[in-house]
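Written below as structure tokens is the structure these notes are about.
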Amino acid sequence: MGKPFEAVKISDNVYWVGAIDWAIRDFHGYSTNRGSTYNAYLILADKITLVDTVKASFRDELMSRVASVVDPKKIDVFVSNHSEMDHTGCFPDVLREAEPDEVYASTMGVKALEQHFHAGVPVTAVKDDSRISLGNMHLRFFETRMLHWPDSMFSYLEEEQVLFSQDAFGMHLASSSRFDDEIDAHILDYESAKYYANILMPFSPLVTKLLERWSGLGLPLKLVAPDHGPVWRTGIPKIIAAYADWALRKPTMKTVVVYDTMWGSTEKMALAVADGLCAGGATPVVLPIRRSHRSDITTEVLEAGALLVGSPTINRQMFPTLADALTYLKALGPPKLIGAAFGSYGWSGEAVGYVNRILEEMKVRLVSDGLRVQYVPDEEALNECRALGGLVAERLRELVEG
Ligand code: FEO
């Protein structure tokens with residue numbers, strides 16, 4: 001039987017020394033149904049180098065994995081690619097226990113580390129496309145501002161062609177496997193899309209620029225080692241192509257229909273809208289919001305061309321569950337959507353107007369003023385819902401084929 005928390009060799013001189021968070025189910029509002037990992041990497045160069053750390057509560061796991069390879073006191077260099085606390089939670093422990101001679105971060109990273117930890121230690125700012133020597137190996141740094149924070153950067157180990165990409169190309173997935181080709185491809189597809197949708201989607205234009213820049217550099221990649229989830233070994237071209245597609249968000253026939261319901265009327269409308277979408281050749285994904293987490297709704301929206309929202313009116317307002325999901329989605333800003341609102345009401349019926357307003361703030365192009373039905377929809381009202389679905393399908397087809 002092995003010792004607890006051993007490092008895993010991922011390349012000739014690089015070890016994974018991160019932590020597996022099997023139990024986490026909520027990552028600042030994002031549902032992590034499969035847990036997560038916080039990845040840190042140890043480079044056994046002449047100057048022993050640690051890249052990133054883990055969440056503070058996983059300090060023992062990090063230190064144990066490092067110690068399985070080398071005495072932590074022998075760490076000479078620490079590199080912080082990203083200052084968010086899932087990757088810097090053990091920064092103070094590393095400073096205290098390893099006492100590295102050199103600590104590096106991006107210019108914004110130096111500031112963010114001080115503002116988080118007030119450690120008062122000198123951190124050297126590395127400029128974009130700069131390079132440091134680790135003795136027999138070299139690290140190159142590339143700023144990746146806003147992917148995911150202003151301080152974010154990539155580090156590239158030239159001699160072993162390993163890219164330490166912090167949040168980019170990551171996913172929340174706890175696993176005993178360290179490489180992409182050891183994990184079910186469908187799980188990788190879903191969790192990497194979910195991560196992109198919930199973390200990186202607002203910065204899609206920057207993703208496009210970064211991928212163009214990276215392609216222009218022509219640096220070979222044997223491994224892409226993110227700070228969450230598996231290390232990419234076999235699927236590097238696939239995940240890079242997926243990022244390029246998600247960043248561009250080309251129109252598709254997929255349509256997300258999300259709704260809440262009080263006495264079943266708005267649900268009847270949602271199902272009739274979905275029927276109209278099907279008849280028109282669109283591909284609806286129907287999400288009853290009380291059984292659909294906001295971060296899963298966002299994942300479905302990532303590859304959708306349209307968003308239809310059904311809300312009953314409750315005390316002159318839209319339903320609070322939908323306000324939650326739409327507020328979250330608005331902040332992530334999925335571009336190029338068309339959409340519409342619908343919902344049943346008793347006596348005032350303001351919900352559709354509120355939903356329209358939020359959709360317009362999200363820059364969703366509305367195909368209708370919205371459908372409102374008093375109390376329970378009759379067959380005529382349900383036919384109007386089917387017609388709304390058909391109209392959305394028709395508009396989507398024009399976009400997809402145009
Ligand atoms: Fe995994 Fe932006 O931190």
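Along the sequence shown, the residues carry numbers beginning at 1. Counting starts at 1 for both ligands and their atoms, following the listed order. As a basis for the values below, the full set of heavy atoms in this structure was taken, side chains included, without hydrogen atoms, waters or symmetry mates.
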Exercise. Can Lys47 and Glu102 be counted as an ion pair, charged N to O under 4.0 angstrom?
Worked result: yes
For this session: For the atoms OD2 of Asp86 and NE2 of His228, give the angle they form at atom 1 (Fe) of ligand 1, rounded to 10 degrees.
Result: 80°
Problem set entry | Salt-bridge present (Asp128, Arg213; N to O < 4.0 Å) | yes
For this session: Verify the distance test for His148 against atom 1 (Fe) of ligand 1: any N/O/S atom under 2.8 Å, yes or no.
Result: no
Exercise. Is His82 close enough that one of its N/O/S atoms sits under 2.8 Å from atom 1 (Fe) of ligand 1?
Worked result: no
For this session: Would you check if atom 1 (Fe) of ligand 1 lies under 2.8 Å from any N, O or S atom of Asp227?
Result: no
Exercise. Can you name the one residue among Trp232, Tyr243, Trp246 that meets ring pair (Phe, Tyr, Trp, His ring centres under 6.0 Å) with Phe169?
Worked result: Tyr243
Problem set entry | Asp167 atom (N/O/S) at minimal separation from atom 2 (Fe) of ligand 1 | OD2
Exercise. Any Lys/Arg nitrogen of Lys194 or Asp296 sitting under 4.0 Å from an Asp/Glu carboxylate oxygen of the other?
Worked result: yes
Exercise. For atom 2 (Fe) of ligand 1, does an N/O/S atom of Glu84 lie at less than 2.8 Å?
Worked result: yes
For this session: Kindly say whether the aromatic ring centers of His87 and Tyr38 come within a distance under 6.0 Å.
Result: no
